[in-house]
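Chain letters run A, B, ... following the sequence lines, proteins first, then strands; residues in each count from 1.
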There are 2 protein chains.
Amino acid sequence: MQKREAATVINISSIKAACKDCTLQELCLPLGLNEVDVAALDKVIKRRRTLKKSEMLYRFGDPLRALYAIRSGALKTTGLIEDGRAQVTGFYLPGELLGIDAINTDKHPCSAEALETSEVCEIPYGALEELATKIPGLQHQLLRIMSREIVRDEEMLMMLGRMSAEERLASCLMSFSRRLSRLGGAPAEFKLSMSRQDLGDYLGLALETVSRLLSRFHDEGLIEVHGRQITLRDLNRLRNMAAGNGREHNASAQ
Amino acid sequence: MQKREAATVINISSIKAACKDCTLQELCLPLGLNEVDVAALDKVIKRRRTLKKSEMLYRFGDPLRALYAIRSGALKTTGLIEDGRAQVTGFYLPGELLGIDAINTDKHPCSAEALETSEVCEIPYGALEELATKIPGLQHQLLRIMSREIVRDEEMLMMLGRMSAEERLASCLMSFSRRLSRLGGAPAEFKLSMSRQDLGDYLGLALETVSRLLSRFHDEGLIEVHGRQITLRDLNRLRNMAAGNGREHNASAQ
DNA sequence: CGTAGCTTTGAGTGTTATCAACTCTCGTGG
DNA sequence: CCACGAGAGTTGATAACACTCAAAGCTACG
């Protein structure tokens with residue numbers, strides 16, 4: 001936890017580029033590439049950057065310079081609506097790629113902010129695209145990641161369009177559980193890095209509604225809540241709830 | 001409009017591949033490619049397919065074989081929720097590309113259905129990806145189109161998460177106007193190819209709410225409605241409404 | 001010209017937002 | 001070590017917006 005100047009100097013090469021040593025390889029761009037190709041990708045990746053809580057990675061309208069792979073921490077992206085209203089368009093966890101929505105116009109259509117201290121790898125976009133023409137596996141992986149983002153957004157669309165507040169929150173909790181478990185954490189216990197307000201802005205709910213629902217889930221034995229520390233107690237019922245079951249027949253009979 | 005067997009034979013080559021003659025070039029994959037590259041793309045595109053109203057282009061879970069460029073007509077994509085509820089994840093107009101959300105898992109995560117008689121160009125995905133490694137401009141265009149889809153989905157997220165029913169419908173009408181005007185139609189007058197139910201399933205509203213809002217917009221002089229025929233009468237007020245203005249100060253003053 | 005599906009309109013209800021007050025937590029400084 | 005304050009979270013009361021159910025009117029197509 002302590003910072004030592006000497007260490008900084010010694011590790012400078014590994015700080016700059018370390019895809020081949022990164023534990024997130026299997027979730028990130030290098031997935032499916034051979035050693036030589038990973039080395040080529042490494043050369044393109046500029047530097048690792050550390051963000052403190054509430055620091056901005058980029059802002060709405062900024063020119064697209066790079067994509068960012070999350071190494072640790074968590075970020076949120078927010079779209080812009082003039083009046084006070086904000087829409088959180090996504091939460092991003094380690095192994096996920098940020099900024100791909102800027103490729104269309106070469107400008108970021110949303111802002112990205114760190115929810116806690118976070119490390120990101122900066123991948124200059126021009127160089128990445130060029131490299132992708134040379135490494136078919138990289139192009140494939142890039143297209144896959146973009147497609148995954150589309151699928152994720154479409155799932156959110158269904159959530160916001162058709163699900164009740166209860167279903168949305170259950171769905172969101174299950175999503176965090178799933179994504180965090182890939183990182184090796186216990187799938188049923190985690191700490192939310194975002195406020196109730198952020199959750200509400202993501203789920204299209206008022207922060208009070210989020211709070212009330214968490215309390216109710218707790219009362220019903222579905223979860224344990226201590227501030228931002230969450231423990232999922234009944235994954236099956238949560239899964240059912242997220243899937244929209246127990247709606248027709250009033251949730252009483254199974 | 002009449003079909004002649006002779007013509008079919010004569011035009012078979014142009015039916016199979018005609019990117020270079022297509023009026024939608026500027027909106028579609030060939031955008032930015034030179035003549036030689038368009039010819040190469042032409043070779044890859046398999047055939048044009050005609051769909052009748054309510055015919056399915058692909059279904060949820062189908063393996064990804066091809067992407068589809070819309071030449072004429074209109075389609076909707078719907079996600080699956082078990083109980084009666086449906087979420088329309090998108091409407092697709094000529095010049096737009098369908099199926100890119102399947103690249104992630106090689107399976108279509110939604111179903112695509114024709115809203116009216118439609119023509120699509122079938123672009124085998126494997127061949128397209130391979131070609132994209134050879135033509136950097138094609139890779140670039142493909143990435144741009146996918147990024148655009150992400151941006152569009154994120155705009156929908158804001159709409160569903162933070163906007164009132166009124167704002168959603170205004171926003172949707174403006175979107176149709178914008179997209180149709182690129183095709184050369186009058187930007188203020190068009191025929192909806194989808195039912196009120198579909199619009200509701202897209203906007204996260206009940207069909208009755210859509211109908212009521214259209215009536216109200218009409219009463220307020222914003223639009224003209226005759227069944228599915230829509231004329232936008234006050235683009236400025238609609239634009240303002242879609243942007244969420246006239247909300248704070250009760251819409252009375254300006 | 002009849003039927004089936006789509007659309008409009010009405011009445012009543014419910015989920016969720018809003019406003020408001022209170023509590024908790026945690027970090028800071030006396 | 002405890003008091004204080006600020007931000008975050010909880011809980012309650014009320015109200016609005018949009019849903020649901022219901023019935024009638026329209027349109028289009030055979």
Side-chain angles (χ1 to χ4, degrees), chain A residues 52-54 76 81 83-87 115-116 159-170 172 191-219 223-230 241 244 246-248 250-251, chain B residues 52-54 76 83-88 115-117 159-170 172 191-220 223-230 241 244 246-248 250-251:
Chain A
K52 293 202 209 77
K53 184 176 167 164
S54 86
K76 69 171 176 183
I81 308 190
D83 45 346
R85 296 180 288 176
Q87 176 68 35
L115 292 166
E116 54 184 282
M159 191 147 125
L160 294 178
R162 283 285 154 243
M163 289 164 85
S164 68
E166 170 185 292
E167 292 166 324
R168 289 181 208 186
L169 186 60
C172 182
K191 187 160 187 290
L192 298 171
S193 47
M194 70 293 293
S195 67
R196 304 287 193 263
Q197 176 76 63
D198 286 334
L199 275 173
D201 287 344
Y202 179 59
L203 298 172
L205 301 172
L207 70 97
E208 295 96 326
T209 305
V210 174
S211 179
R212 266 185 258 272
L213 281 171
L214 285 172
S215 301
R216 217 185 74 205
F217 284 5
H218 176 95
D219 294 346
I223 61 174
E224 207 73 40
V225 191
H226 298 291
R228 294 190 178 179
Q229 188 66 37
I230 303 282
M241 197 179 263
R247 191 163 214 258
E248 311 282 87
N250 220 8
Chain B
K52 292 200 208 81
K53 183 175 169 166
S54 85
K76 68 170 176 184
D83 45 345
R85 296 179 288 176
Q87 176 69 35
V88 172
L115 292 166
E116 54 185 283
T117 303
M159 193 148 125
L160 294 179
R162 284 284 153 246
M163 289 165 85
S164 67
E166 169 184 294
E167 291 166 326
R168 289 181 209 186
L169 186 59
C172 183
K191 187 161 189 289
L192 298 171
S193 47
M194 70 292 293
S195 67
R196 304 287 192 262
Q197 176 76 61
D198 286 335
L199 275 172
D201 287 343
Y202 179 59
L203 297 172
L205 301 171
L207 71 97
E208 295 95 328
T209 304
V210 174
S211 177
R212 267 184 259 270
L213 282 170
L214 285 172
S215 300
R216 217 185 73 205
F217 283 6
H218 177 95
D219 295 345
E220 290 171 352
I223 62 174
E224 207 73 42
V225 191
H226 298 292
R228 296 189 177 181
Q229 187 67 37
I230 303 283
M241 199 178 263
R247 190 164 215 256
E248 310 282 89
N250 220 9

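When all heavy atoms of B:Lys191 and B:Gln229 are compared, the pair lying nearest together is CB-OE1, 3.5 Å. Summarising the geometry of B:Cys172 relative to B:Leu199, their closest heavy-atom pair is SG-CD2, 4.0 Å, with the distance given to 0.1 Å. Of all heavy-atom pairs spanning A:Met241 and A:Glu167, the tightest one is O-CG, 3.3 Å. Taking every heavy atom of both residues into account, A:Leu160 and A:Gly204 meet most closely at CD2-N, 4.0 Å. Across all non-hydrogen atoms, the minimal contact from B:Arg168 to B:Leu205 is NH1-CD2, 4.0 Å. When every heavy atom of A:Gln87 is checked against every heavy atom of B:Arg162, the shortest pair comes out as OE1-CG, 3.2 Å.
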Worksheet item: What string of B, S and - do you get for nucleotides 22-30 of chain D, 5' to 3', when a contact is any protein heavy atom under 4.0 Å?
Response: ---------

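At whole-Å resolution of the value, NZ in A:Lys53 and C1' in D:dA8 are 10 Å apart. Atom CG in B:Leu213 sits about 7 Å away from atom P in D:dA18, given to the nearest Å. Atom C1' of nucleotide D:dC17 and atom CZ of B:Arg216 are separated by 11 Å, given to the nearest angstrom. Distance CG (B:Leu205) to P (D:dA16): 20 Å, rounded to an integer number of Å. Look at CD on A:Glu116: it is 15 Å from P on D:dA8, rounded to the nearest Å. Atom CE in A:Met163 sits about 16 Å away from atom P in C:dT15, given to the nearest Å. Atom CG of A:Leu160 and atom C1' of C:dA17 are 16 Å apart (whole Å). Residue B:Glu167 contributes atom CD, which lies 12 Å from atom C1' of D:dC17 at whole-angstrom precision.
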Quick one: which protein N/O atoms are closer than 3.5 Å to N/O atoms of nucleotides 3-7 of chain C? Pair and distance per line, please.
unit_1	atom_1	unit_2	atom_2	d
C:dT7	OP1	B:Arg228	NE	2.9
C:dT7	OP1	B:Arg228	NH2	3.3
C:dT7	OP2	B:Arg196	N	2.9

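Residue contacts for A:Gly200: at a heavy-atom cut-off of 4.0 Å it reaches no nucleic acid atom on any strand shown.
Contact annotation: the side chain of B:Tyr202 never approaches that of B:Met194 to less than 4.5 Å [non-hydrogen atoms, C-beta and beyond].
In the set C:dT16, C:dT18, C:dT8, the nucleotide with an atom closest to the side chain of B:Ser215 is C:dT8.
Tested against A:Ser193 for a side-chain contact (heavy atoms from CB on, under 4.5 Å), the candidates A:Lys76, A:Lys53, A:Arg228, A:Glu116 yield a single pass: A:Glu116. Here the options are B:Leu214, B:Ile223, B:Thr209, the test is side-chain contact (heavy atoms from CB on, under 4.5 Å), and the partner is B:Leu169; only B:Leu214 passes.
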